[in-house]
Amino acid sequence: MADNKVWKPKILGMVCNWCSYAGADLAGGGRIQYPPDVRIIRVMCTGRFDSLFVLKAFADGADGVLISGCHFGDCHYLEGNFKAAKRMFMVKRLMKSIGLDDRRFRMTFVSASEGAKWAAVITDVVRTINELGPSPITEFRK
Amino acid sequence: MMVEKKKTTTKKTETKKQEAKKVAPVKQEVKKQAAAPAPAAQNAVAAPGATTQKDARIGVFICHCGTNIAGSMDIQAVQDYAKTIPHVAYVDNYKYMCSMPGQTLIQKAVKENNLTGVVVAACTPRLHEPTFRTATKDAGLNPFRFEMANIRDQNSWVHMHDREGSTEKAKDAVRIAVAKAALLQDLFPKSVPVEPAAMVVGAGVAGMQASLDLAAAGIKTYLIESDMSIGGRMSQLDKTFPTLDCSQCILTPKMVDVGRSEKIELMTWSEVENVEGYIGNFEVTIKKKARGVMTPKEAAAKGIVGGGCNGCGDCDAVCPVIKPNVFEVGMKPRKAIYINHPQVVPLIYTIDFNACVKCGLCVTACGPEKRAIDLNMQDEFIKVKVGTVILATGYDIFPIENKQEWGYKRYENVITSLEFERLICASGPTGGHLVRPSDGQTPMRVAFVLCAGSRDNTGIGKPYCSRFCCMYSLKHAHQIVEKIPGCVPYIFYMDIRSFGKMYEEFYYRIQNEGAKFIRGRVANILEDPKTKNLHVYADDTLLDRPVDMEVDLVVLAAAIEPKADTNRTRKLFGVSCSQDGWLLEAHPKLNPCGTTTAGVFLAGVCQGPKDIPDTVAQAEGAASAASIPIHMGEVELEPYFAQCIEEKCAGCGMCVNLCPYSALSLVEKNGRTVMQVTEAKCKGCGTCGGFCPGGAIWMQHFATPQIVAQIDAFLLGGEE
Ligand SMILES: Cc1cc2nc3c(=O)[nH]c(=O)nc-3n(C[C@H](O)[C@H](O)[C@H](O)COP(=O)(O)OP(=O)(O)OC[C@H]3O[C@@H](n4cnc5c(N)ncnc54)[C@H](O)[C@@H]3O)c2cc1C
Ligand code: SF4
Ligand code: SF4
Ligand code: FES
């Protein structure tokens, strides 16, 4: 692991149990292939995501962060994803103000029946982060 | 059969401790947070921050899932790596971790190695978290000391050709899971009493069967039906395949039983307006739409002794407004005050207030004794409490006129199968005589177009198979051969799907009766404007030649689709839908009646196309599942409640407004304003915890230190 010289993006995904996590499982059931660069942390609802989690991840050296939950109106807890989306905009503004490209942080909506969409989302997230390259924070810490 | 034994036990080594030291700064920070002062002993055993990480001893168990996982990654590499993760005291792997030997292996390891937590790297927690929690519990640990790493559904199955990427991802997943497991606490699910009543929404054959079963089990059941009668689609059918018994003959006795049952409170012309609460304690508001006519019971309540509707129909006779009867697919008229058909249950007339001109003739006809009609009746809202709910809302027919090439609604002699059912039915608009709508003549050549709008990837129709069209079209072919001597059915099909018990035999029977089968999708239908006959154009794919067939009548086996208001219904009950819009079951194979909302179950076509035998089977399954919590008397709720760390709470009250369930409030405690959680209301979404600026909310099982530990484990833990 240590002598792995090629840069591989480090991407954190925080997904809700009811929609996106289920959608990701469905992609598995359908054997829909996508790149393996995202690590998933499961929470009950995207409403659980604290802006600080995202900032902490970037501070720890994440190259990208993805929050994914239910479509608006489908949240298992009514409106957690609305609250999450609000926080997402705030975090994005903060990122811009410190010179961090806000394309590194994304919120998506993938339902329990959208396995193919999940695979497409991950593929696109990985492509974007690959294009953006290593996070400037990691570079700075070096 | 002997099980393969492959065991590699690891004890914590000196080197491991050193590694643990390297990541120490991060861990310390976590620990500090984790050790945050506990809130007042509302939950004495599982006080926030009760566990420090120092003494955690985690066992990691890696599953091969046969070759499902082992085929795509290097299990040995993951195992070797797991041994180096801080706090890991034991690592093992096995072919099927969920099997009996696999679970025994976990229990033995926990006991022999004094483990404090269990990590299983296998499929998905959505499938086997309950299994491994039980195993963890049987090992003598609190079941919430278990954490799962998903290395199958979200790894080996989706990175099948990237062995290295998949192995690295599995290592990270294990490390992330261990970080959380090390901080997990004992939790104790809360038991809540279950309201000893159930609700069934939709009274087609599915809802009726489910209600009858629940009633037979002694459970008070509210059956809610939006139409004026129960029975659903099945009451519109003439005969049913493959046995050809008459639909009314097998359905009406059931309808009568439903109407008569003392345990079933039937509410027709009613809809669900609002749902609150959770399994065991749903509070449902039902809208009783103004029907304009009182039942004898309702009349009695108003002091009209011996009054109320007795179904005599005197009102119907005098009403001047004429409308098409939807039950007869518009082929028969009805009045503004009407019943769908003579066998309705309950036999109570209903006024269509959109059509009624309030002339009052019906009121006079009903007379001063019954006084059943109230033209000023208002919608009524009724609240009931139930423990469990079954959704059985059925289906609609796809608007087949959208497939313009077949000319439905443009050509008079192109009809749908549902119209055919009514025309061939003895109680239908023509008394059972199949006639051409254009001239009332008996058709002698009838074309059946199968998969009309089903298995259609053009974006206009439905991609799925509607599952009963093949079979009912065979039934229709049989019916015309039987009723109209010399009449020839031509069946245009893609494949005949006769998969059920005795279905293939039924198919052979129809072939022998003289039905002609043409394999090919119908491309176009054109009408001869003079004769109103139809030309059916298709490609016979077996003979490889184009077909132009002139027929007298075309019957389109139209696709079916979810009810128009399915989205509204599912949102009321917090149920998801699949891509096609049908209500989503909890698991397609292992939990086909359940949903992701505990206590809400599915029955019948609302979950996906199915014929009557499958509908009834699922209804009985759903009724059984819905009766379990009621018979148990109490259910356990997952203890993912929010807790307030009072020392940190500034009493700002921001969280109070965020909670969608009004579970939070501000209270005075020791001279300070602090937040308080009403656990019975909290559903554990974590929205409050994601916001609190002071970090004062402890989300059980998803606490901030636990999540931060996961993030750190991923991003920092791997850097040696
Ligand atoms: C032309 C045709 C022929 C068929 N022939 C056969 C056959 O021969 N053999 C066979 O096995 N199957 C046959 N079927 C299939 C059969 O109709 C279904 O399997 C069966 O009717 C499904 O029953 P259900 O209770 O799930 O749905 P439905 O019969 O649709 O019942 C649903 C009920 O719920 C009510 N409802 C809907 N939404 C709400 C709401 N929001 N609130 C309250 N109530 C609501 C509806 O009014 C309805 O009464 C045929 C189908 C068609 C179209
Ligand atoms: S948001 Fe946090 S600090 Fe404010 S009242 Fe709620 S728990 Fe207390
Ligand atoms: S976790 Fe969700 S339901 Fe529970 S108190 Fe917080 S916001 Fe309300
Ligand atoms: S449960 Fe999925 S976003 Fe709230």
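Side chains included, hydrogens not; waters and symmetry mates left out as well; all remaining heavy atoms used. Every chain is numbered from 1 and lettered A, B, ... according to where its sequence line falls, protein lines coming before strand lines.
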Looking only at heavy atoms and a cut-off of under 4.5 Å, which of [options] has the most pairs with chain B?
options	answer
A:Gly73, A:Gly61, A:Gly29	A:Gly73
A:Gly80, A:Ala62, A:Cys45, A:Ala22	A:Ala22
A:Leu52, A:Asp74, A:Ile122	A:Asp74
A:Ala57, A:Cys75, A:Ser51	A:Ala57

Let me know if [X] has heavy atoms under 4.5 Å from chain A in its side chain, its backbone, both or neither.
X	answer
B:His701	neither
B:Thr597	both
B:Lys571	side chain
B:Arg570	side chain
B:Leu584	side chain
B:Cys577	backbone

Residue part contacting chain B, namely of [X], when any heavy atom lies under 4.5 Å:
X	answer
A:Ala84	neither
A:Ile32	backbone
A:Arg87	side chain

Are side-chain heavy atoms of [X] and [Y] found at a separation under 4.5 Å?
X	Y	value
A:Tyr77	B:Thr687	no
A:Phe53	B:Val708	yes
B:Ile707	A:Arg48	yes
B:Gln710	A:Ile40	no

Is the backbone N or O of B:Leu658 less than 3.5 Å from a side-chain atom of A:Lys83, with the two atoms forming a donor-acceptor pair by type?
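Flag set: sc A:Lys83 to bb B:Leu658 pair under 3.5 Å.
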For A:Phe72, is the CZ atom crowded, meaning more than 12 foreign heavy atoms sit under 6.0 Å from it?
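Enclosed: over 12 neighbouring heavy atoms sit under 6.0 Å from CZ of A:Phe72.
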Could you check whether atom CZ of A:Arg103 has more than 12 heavy atoms from other residues, nucleotides or ligands sitting under 6.0 Å from it?
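No, because the 6.0 Å sphere around CZ of A:Arg103 holds 12 heavy atoms or fewer from other groups.
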Hey, could you give me the [atom1]/[atom2] distance between [X] and [Y], rounded to the nearest 0.5 Å?
X	Y	atom1	atom2	result
B:Asp172	A:Leu12	CG	CG	11.0 Å
A:Asn17	B:Thr596	CG	OG1	9.0 Å
A:Met44	B:Lys683	CE	NZ	12.0 Å

